[in-house]
Amino acid sequence: MPEILEVEEARHLIETRALDRTIATVDAPDAWYLKRGLTGDVIGRVLSGRRFTAARRRGKLLLLDTDPGSDARPAGDAQGPTLGLHLGMTGRVLVDGTAAGEPLLYASNRENPAWHRFTIQFRDGGRLILRDPRRLGAVELDPDEDRLGVDAFTVNAARLRAAIGNRRTAIKAALMNQAAIAGLGNLLVDEILWRAGIDPARSAAALDRTEQGRLARTISTTLRVLGRRGGSHTGDLMPARHPGGFCPRDGAPLRRDTVGGRTTYWCPVHQR
DNA sequence: GATGACCTGTGA
DNA sequence: TCACAGGTCATC
């Protein structure tokens with residue numbers, strides 16, 4: 001389940017393995033996967049001959065900058081377009097056959113070429129693949145980065161207050177709103193609110209200053225701790241996050257509700 | 001602001 | 001056989 005931590009792993013993989021390699025061809029067999037009118041022909045023409053110069057990330061959106069390319073193109077372009085990659089729910093990036101964080105898994109037979117929604121073939125023979133069984137990811141060109149709010153890794157108390165301080169919606173829904181704070185998904189938000197001791201259904205605007213500060217620190221700490229552990233699924237709440245589960249902190253039966261349209265596990269004893 | 005559709009693999 | 005998972009977007 002790619003949330004900000006998994007996307008960051010993918011970004012790092014691309015940064016260390018896929019920059020400065022000339023693109024030969026692009027294989028985009030799934031037209032539905034290309035957004036905003038983009039076609040396989042266009043993306044192939046636009047990217048061939050260029051190299052990725054930087055791998056950036058804003059929230060869950062991967063941003064790959066390109067160089068001007070060497071072929072006949074309008075002179076004076078300082079750089080080429082930016083490729084935007086969304087991993088959706090099941091998307092993973094592979095560079096030369098390896099995926100971020102899972103060096104051995106893809107050596108198994110859990111590989112299906114039909115899941116390769118987008119492939120970049122480099123002239124050196126290697127390739128970057130976006131593998132996505134459920135097709136909820138996306139590829140676009142020059143995405144609008146400003147549709148996303150402040151990146152969750154940079155949240156502090158002041159930014160949190162500015163982003164969601166006066167929203168009337170449930171705090172969980174506010175934290176998952178990518179236009180407010182970019183990067184947090186269902187699992188991370190449940191873990192964060194559980195750690196911070198905040199009821200996910202409370203109005204975001206109802207949090208006082210103390211709670212805002214605690215929540216901001218918890219977001220920061222949780223991202224760093226779970227990032228070191230290996231991803232969104234390594235949270236302390238995760239093993240108990242199933243029907244009949246008990247709170248790992250105080251042993252109370254967890255509640256399972258729908259908040260912000262998503263399945264939510266939380267502890268009615270210490271989350272208030 | 002809230003809800004459902006999109007899509008398909010997984011597990012009960 | 002079917003509910004469920006979940007990021008995002010259109011629509012209510």
Side-chain angles (χ1 to χ4, degrees), chain A residues 1-11 28-38 57-63 84-93 99 102 105-106 108-118 130-140 143-149 151-152 163-193 200-207 226 231-235 237-245 254 256-266:
Chain A
M1 292 154 233
E3 299 184 36
I4 193 170
L5 300 176
E6 288 71 27
V7 180
E8 174 58 22
E9 283 187 2
R11 188 205 66 77
D30 188 348
W32 189 86
Y33 213 79
L34 306 174
K35 305 304 177 186
R36 289 171 47 211
L38 193 60
R57 180 191 56 71
R58 181 150 170 180
K60 304 169 193 171
L61 176 64
L62 271 175
L63 297 154
L85 301 180
H86 274 281
L87 302 187
M89 187 180 136
T90 54
R92 294 198 72 92
V93 170
E102 284 184 307
L105 202 58
Y106 293 97
S108 76
N109 55 10
R110 290 181 58 80
E111 186 53 62
N112 184 346
W115 295 339
H116 295 180
R117 311 298 176 187
F118 189 74
L130 180 40
R131 165 191 175 278
D132 184 5
R134 283 179 220 183
R135 300 175 73 206
L136 285 172
V139 172
E140 59 183 326
D144 172 22
E145 303 176 31
D146 291 329
R147 69 182 187 229
L148 298 168
D151 188 84
I164 65 169
N166 51 17
R167 305 226 180 198
R168 306 280 177 87
T169 188
I171 181 64
K172 168 156 179 172
L175 291 175
M176 286 199 302
N177 178 354
Q178 303 299 299
I181 296 173
L184 303 180
N186 198 37
L187 296 181
L188 281 177
V189 168
D190 272 9
E191 174 80 13
I192 287 164
L193 291 174
R202 274 180 65 195
S203 164
L207 268 63
L226 269 55
S232 307
H233 58 288
T234 62
L237 177 63
M238 199 60 193
R241 206 178 171 285
H242 59 81
L254 290 178
R256 180 188 188 275
D257 293 315
T258 297
V259 181
R262 305 245 78 104
T263 299
T264 302
Y265 287 89
W266 64 287

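Every chain is numbered from 1 and lettered A, B, ... according to where its sequence line falls, protein lines coming before strand lines.
- In this structure a side-chain-to-backbone donor-acceptor pair under 3.5 Å is missing from A/Thr258 to A/Thr263.
- Straight-line distance from the CG atom of A/Asp257 to the C1' atom of B/dT3: 17 Å, rounded to whole Å.
- Of the candidates B/dG1, C/dC9, C/dG6, the closest approach to any side-chain atom of A/Thr263 belongs to C/dG6.
- Residue A/Asn112 contributes atom CG, which lies 8 Å from atom P of B/dG9 at whole-angstrom precision.
- Distance, A/Arg36 CZ to C/dT8 C1': 15 Å, rounded to whole Å.
- The CZ-C1' distance, from A/Arg117 to B/dC7, rounds to 9 Å in whole Å.
- A/His86 has no side-chain polar atom (N or O) that falls below the 4.0 Å cut-off from OP1 or OP2 of C/dG7.
- Close to C/dG6, at under 4.0 Å from its OP1 or OP2, lies no side-chain N or O of A/Thr90.
- Comparing A/Glu140 and A/Tyr265 by the nucleotide of DNA chain C whose heavy atom lies nearest to each, the residue mapping closer to the 5' end is A/Tyr265.
- Between A/Lys60 and C/dT8 there is a side-chain polar atom (N or O) within less than 4.0 angstrom of OP1 or OP2.
- Between A/Gln178 and C/dG7, a side-chain N or O to OP1/OP2 separation shorter than 4.0 Å is absent.
- Within the nucleic acid shown, A/Arg256 comes within 4.0 Å of sugar-phosphate atoms alone, with no base atom in reach, counting heavy atoms only.
- Here the side chain of A/Asn186 pairs no donor or acceptor atom with the backbone of A/Asp190 at under 3.5 angstrom.
- Counting to the nearest Å, the C1' atom of C/dG7 and the CG atom of A/Asn186 are 10 Å from each other.
- Between the P atom of C/dC9 and the CG atom of A/Leu61 lies a distance of 10 Å, rounded to the nearest Å.
- Taking only side-chain nitrogens and oxygens, A/Arg262 never comes nearer than 4.0 Å to OP1 or OP2 of C/dG6.
- Base contact: A/Arg134 has a heavy atom under 4.0 Å from a base atom.
- A donor-acceptor pair is defined here as one N or O able to donate and one able to accept, closer than 3.5 Å; no such pair exists between the side chain of A/Gln178 and the backbone of A/Lys60.
- Counting only N and O atoms by type, the side chains of A/Tyr265 and A/Arg256 include a donor and acceptor under 3.5 Å apart.
- When distances run from any side-chain atom of A/Arg147 to the nucleotides B/dT8, C/dG6, C/dC9, the shortest one goes to C/dC9.
- For the pair A/Met176 CE and B/dA2 C1', the interatomic distance rounds to 12 Å; values are reported in whole Å.
- The phosphate of B/dA2 has OP1 or OP2 within less than 4.0 Å of a side-chain N or O from A/Thr169.
- Residue A/Trp115 has a polar side-chain atom (N or O) positioned under 4.0 Å from OP1 or OP2 of B/dG9.
- Put simply, CG on A/Leu136 is 5 Å from C1' on B/dC7, counting in whole angstrom units.
- Among the candidates A/Arg135, A/Arg134, A/Glu3, the single residue satisfying the side chain to side chain contact (heavy atoms under 4.5 Å, CB included) test with A/Met89 is A/Arg134.
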